[in-house]
Protein chains: 4
Amino acid sequence: MLKNNQKTKYKQIIDAAVITIAENGYHQCQVSKIARQAGVADGTIYLYFKNKEDILISLFREKMQHFIQRLSEIIAGKNTATEKLLLLVENHFRILSENHALAIVTQLELRQTNKELRLKINDILKGYLKLIDDILIEGIENGEFDAKLDIRLARQMIFGTIDETATSWVMTDHKFDLVSLAPKIHQLLIHGCGNN
Amino acid sequence: MLKNNQKTKYKQIIDAAVITIAENGYHQCQVSKIARQAGVADGTIYLYFKNKEDILISLFREKMQHFIQRLSEIIAGKNTATEKLLLLVENHFRILSENHALAIVTQLELRQTNKELRLKINDILKGYLKLIDDILIEGIENGEFDAKLDIRLARQMIFGTIDETATSWVMTDHKFDLVSLAPKIHQLLIHGCGNN
Amino acid sequence: MLKNNQKTKYKQIIDAAVITIAENGYHQCQVSKIARQAGVADGTIYLYFKNKEDILISLFREKMQHFIQRLSEIIAGKNTATEKLLLLVENHFRILSENHALAIVTQLELRQTNKELRLKINDILKGYLKLIDDILIEGIENGEFDAKLDIRLARQMIFGTIDETATSWVMTDHKFDLVSLAPKIHQLLIHGCGNN
Amino acid sequence: MLKNNQKTKYKQIIDAAVITIAENGYHQCQVSKIARQAGVADGTIYLYFKNKEDILISLFREKMQHFIQRLSEIIAGKNTATEKLLLLVENHFRILSENHALAIVTQLELRQTNKELRLKINDILKGYLKLIDDILIEGIENGEFDAKLDIRLARQMIFGTIDETATSWVMTDHKFDLVSLAPKIHQLLIHGCGNN
DNA sequence: GATGAATGAGACTTCATTCAT
DNA sequence: AATGAATGAAGTCTCATTCAT
């Protein structure tokens with residue numbers, strides 16, 4: 001019960017942070033604003049987080065875990081790497097589309113931090129990049145993908161493309177439908193621009 | 001001559017800003033640090049720039065102009081879109097490699113800003129994205145690229161991939177040679193991951 | 001039995017406070033630290049003490065009582081004021097030497113408080129100063145001491161000298177043997193600097 | 001002129017600090033209160049002092065310099081150590097009497113600081129203790145004082161007695177005349193309590 | 001009696017910007 | 001044009017104390 005309460009308040013603060021940061025921007029988002037949104041006192045924040053930065057890191061870790069978990073499950077049963085890649089792109093976009101505030105935080109606000117913090121974020125991101133790598137390896141092994149593929153570069157292309165598209169979508173205030181772009185992006189990632 | 005001096009001091013401050021921001025990070029880079037590096041008084045900065053943000057924007061505009069200018073010239077005489085794309089990637093990487101401080105500023109520090117500033121940055125970036133679009137259009141028209149290519153998405157793939165790779169290179173403290181990755185990335189962008 | 005338990009916990013907290021304050025300094029010594037050291041919950045402190053200041057006052061009162069008690073007993077049977085003064089100085093130093101943590105608290109930390117609290121401390125100190133006064137009066141009456149002695153000033157000299165020496169000893173991290181200084185200090189207090 | 005202005009503002013802040021700390025106590029004395037009293041902006045304080053603690057240290061250093069300077073000059077021409085000691089005590093008391101606020105700060109507020117700061121204060125105090133030591137040495141050499149005098153202990157007696165008396169005077173809100181106590185204290189320091 | 005999670009007031013310090021010289 | 005001393009708003013975090021359990 002106590003454990004439960006704690007978990008509740010921890011997540012309560014994280015969810016408040018997502019909303020408040022998305023609304024105000026990271027640097028305009030005072031701890032007191034998060035506290036008010038979470039319905040707790042300012043000091044309470046510091047019972048669950050080391051400092052303001054720790055809220056951001058924890059938020060990203062928490063959400064990324066779900067993200068990876070969900071994508072993993074969706075991908076799990078599929079047979080081809082090609083299909084898995086489509087589902088990855090599509091559902092990456094879907095999750096962001098389902099939660100605009102989270103999309104703003106991950107695509108914009110999270111980046112407004114110094115290099116040290118960025119390294120921590122990259123560390124958390126590794127779990128996601130591993131998903132991509134696994135798909136690539138599978139694709140190479142079963143002959144779907146180019147045998148001479150440089151996995152790191154291919155992964156950077158895939159992640160870079162998804163990320164750039166998502167950021168662009170957030171910057172235009174979610175004006176277009178992100179999920180429906182997935183097939184075309186998938187096509188690009190598999191076949192490139194060239195006229196094959 | 002006075003006009004000349006102004007231009008000198010303007011660029012002097014911008015160059016100081018690149019160095020100082022790269023060394024300290026945008027948020028740890030006080031205006032007074034830039035002034036000291038530029039060898040001028042704090043107040044002098046405000047004779048040439050509206051505010052601190054304006055330094056960043058101006059810096060990016062100034063450098064991006066050169067960037068685009070240089071890439072345009074290099075690409076100019078070439079016959080195929082494919083070749084142009086290779087040269088674009090290669091020289092994009094080359095310019096960043098030649099100036100580590102500038103690379104840090106554009107890949108990391110410039111992003112640590114609020115949405116409003118990001119929109120201004122995107123605006124400046126349009127000139128660069130136009131270069132990519134022109135190559136894509138040319139490629140489609142002369143049959144090198146897929147006729148059904150969605151130009152916006154293709155551009156996002158190209159830019160996203162270049163950007164992700166460059167950022168990754170900066171984050172690892174320029175540990176590997178960026179320029180030599182260009183051919184492989186070019187190959188990926190043209191043919192994708194698939195086993196064509 | 002309950003009463004007994006209370007007393008136990010009361011002293012338990014006071015002893016924890018001596019250790020914790022000595023280790024951390026009064027202002028760096030959070031109530032929660034004392035509680036942890038005492039093995040009780042934070043809230044429990046407030047069942048036995050009105051507030052943090054009250055811990056300090058109570059601590060001093062408690063320890064000073066023992067201090068005075070012990071000195072009184074030692075002095076009791078002696079015949080001359082001169083001998084009593086020597087024993088007072090010697091045993092004052094001995095008690096501090098026996099308990100470094102207490103010495104730190106009384107000589108340094110207790111002073112880091114506002115005037116209001118200092119007045120309360122002075123009040124508790126009166127019992128000790130009375131000991132000195134009694135020795136002085138006895139010395140005057142039996143001709144050992146100068147008949148025209150200003151008792152208040154003499155007491156301030158005696159206490160000031162002891163206190164300064166003790167503080168100096170604490171500030172040097174108890175580097176020298178305090179007790180062995182007693183005879184020389186006693187000599188000084190009785191005969192002064194002069195060449196009599 | 002610039003140098004002059006700086007010096008003026010530095011001293012202006014120090015004098016404001018003496019008054020404000022004396023009135024409010026060190027821990028109740030916010031930097032903004034000092035700034036207001038000094039007639040400068042909060043931020044201006046930090047152009048002249050590293051932090052709040054630095055104000056206290058600088059204040060003590062500045063005032064102690066004057067203190068020592070003045071005592072040195074007064075003592076300078078005198079022939080006997082005994083006379084010098086009297087003048088030292090008398091003028092120590094006189095300076096405190098002339099500036100009640102300073103007396104409060106040095107006798108009470110300055111002590112409300114942690115050990116680290118106390119060590120810095122002690123360091124500054126050394127100049128004053130040197131004055132005492134010089135008198136003692138002179139007294140021993142010319143036969144006024146006991147040849148076997150332990151200088152460190154004698155100095156602690158002298159300083160301890162002066163300090164205790166001064167603190168006691170401050171604690172009673174300067175109710176009695178401090179300066180007039182000097183002769184009796186001098187008598188005590190030279191001849192002790194004993195009936196010589 | 002005992003707990004310990006929650007509270008929330010409060011202050012030091014930084015730094016972009018100004019303006020008198 | 002150039003200076004740089006002065007400004008002052010603004011926000012993170014600590015910690016003594018409370019009170020529901």
Side-chain angles (χ1 to χ4, degrees), chain A residues 1-3 5-6 8-10 13 27-36 38-55, chain B residues 2-3 5-6 8-9 27-36 38-55, chain C residues 2-3 5-6 9 27-36 38-55, chain D residues 1-3 5-6 8-9 13 27-36 38-55:
Chain A
M1 166 107 157
L2 223 53
K3 200 94 192 204
N5 262 334
Q6 272 190 2
T8 298
K9 199 151 282 188
Y10 175 81
I13 293 169
H27 288 295
Q28 303 312 315
C29 169
Q30 295 83 350
V31 172
S32 59
K33 271 187 190 156
I34 298 177
R36 202 178 317 135
V40 301
D42 292 19
T44 305
I45 301 271
Y46 292 88
L47 296 177
Y48 297 90
F49 302 90
K50 231 177 35 247
N51 49 38
K52 189 182 168 186
E53 215 175 58
D54 189 35
I55 303 176
Chain B
L2 221 54
K3 202 91 192 206
N5 261 335
Q6 271 192 1
T8 299
K9 201 151 278 190
H27 287 295
Q28 308 313 317
C29 171
Q30 295 79 359
V31 172
S32 60
K33 268 187 191 155
I34 298 176
R36 203 179 315 134
V40 300
D42 292 19
T44 305
I45 301 269
Y46 290 87
L47 298 175
Y48 298 91
F49 300 91
K50 223 171 52 240
N51 49 37
K52 190 183 171 185
E53 225 175 50
D54 189 34
I55 303 175
Chain C
L2 223 53
K3 203 92 192 204
N5 261 335
Q6 271 190 3
K9 201 152 279 190
H27 288 295
Q28 309 313 317
C29 172
Q30 293 80 358
V31 172
S32 61
K33 269 187 191 156
I34 298 176
R36 204 180 315 136
V40 300
D42 294 17
T44 306
I45 301 270
Y46 291 86
L47 298 175
Y48 297 91
F49 301 91
K50 224 171 51 239
N51 49 37
K52 190 183 171 185
E53 228 175 49
D54 189 34
I55 303 176
Chain D
M1 167 110 156
L2 223 52
K3 201 96 193 203
N5 262 335
Q6 272 190 2
T8 298
K9 199 150 280 188
I13 293 168
H27 288 295
Q28 303 314 315
C29 169
Q30 295 82 350
V31 171
S32 59
K33 271 186 190 157
I34 298 176
R36 203 178 314 134
V40 300
D42 292 18
T44 305
I45 301 270
Y46 291 87
L47 297 176
Y48 297 91
F49 301 91
K50 227 171 45 240
N51 49 37
K52 190 182 169 185
E53 214 176 60
D54 189 35
I55 303 176

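Below, each value reflects all heavy atoms present in this structure, side chains not excepted, and no hydrogens, waters or symmetry copies. Lettering of chains follows the sequences in order, A, B, ..., and the numbering in each one begins at 1.
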Where the side chain of A/Gln30 is concerned, which of E/dA6, E/dC12, F/dG11 is the nearest nucleotide?
F/dG11
According to a strict under-4.0 Å criterion, is B/Tyr48 in side-chain N/O contact with OP1 or OP2 of F/dA1?
no
Given E/dT3, F/dT3, F/dA6, the nucleotide with the shortest approach to the side chain of C/Val40:
E/dT3
In degrees rounded to 10°, what angle is found between the helical axes fit to the five outermost pairs at each end of the helix from E/dA2-F/dT21 to E/dT21-F/dA2?
10°
Nearest-angstrom distance from the residue atom CD1 of D/Ile34 to P of E/dA11:
13 Å
Considering only F/dA2, E/dT3, F/dA5, which nucleotide approaches the side chain of B/Leu47 most closely?
F/dA2
What is the distance from NE2 of D/His27 to C1' of E/dC12, rounded to the nearest Å?
14 Å
Between D/Lys52 and the options D/Ile34, D/Val31, D/Ile45, the side chain to side chain contact (heavy atoms under 4.5 Å, CB included) test singles out D/Val31
C/Lys9 side-chain N/O to E/dA2 phosphate OP1/OP2 under 4.0 Å:
yes
Smallest separation among heavy atoms of D/Ile13 and D/Phe49, with atom names:
CG2-CE1, 3.4 Å
Output the rounded distance in Å from NZ (D/Lys33) to C1' (E/dC12).
14 Å
Checking contacts here: which listed nucleotide (E/dT3, F/dA6, E/dT7) is nearest the side-chain heavy atoms of A/Ala41?
E/dT7
Let me know the distance between CG of A/Asp54 and C1' of F/dT14, rounded to the nearest Å.
16 Å
Taking the nucleotide of DNA chain F with the closest heavy atom to each, which residue, B/Thr44 or D/Ile45, is nearer the 5' end?
B/Thr44
Here the distance between atom P of E/dA6 and atom CZ of A/Arg36, to the nearest Å, is 20 Å
Please write out each protein N/O paired with an N/O of nucleotides 17-21 of chain F under 3.5 Å, distance rounded to 0.1 Å.
| unit_1 | atom_1 | unit_2 | atom_2 | d |
| --- | --- | --- | --- | --- |
| F/dT17 | OP2 | C/Tyr46 | OH | 3.0 |
| F/dT17 | OP2 | C/Lys52 | N | 2.9 |

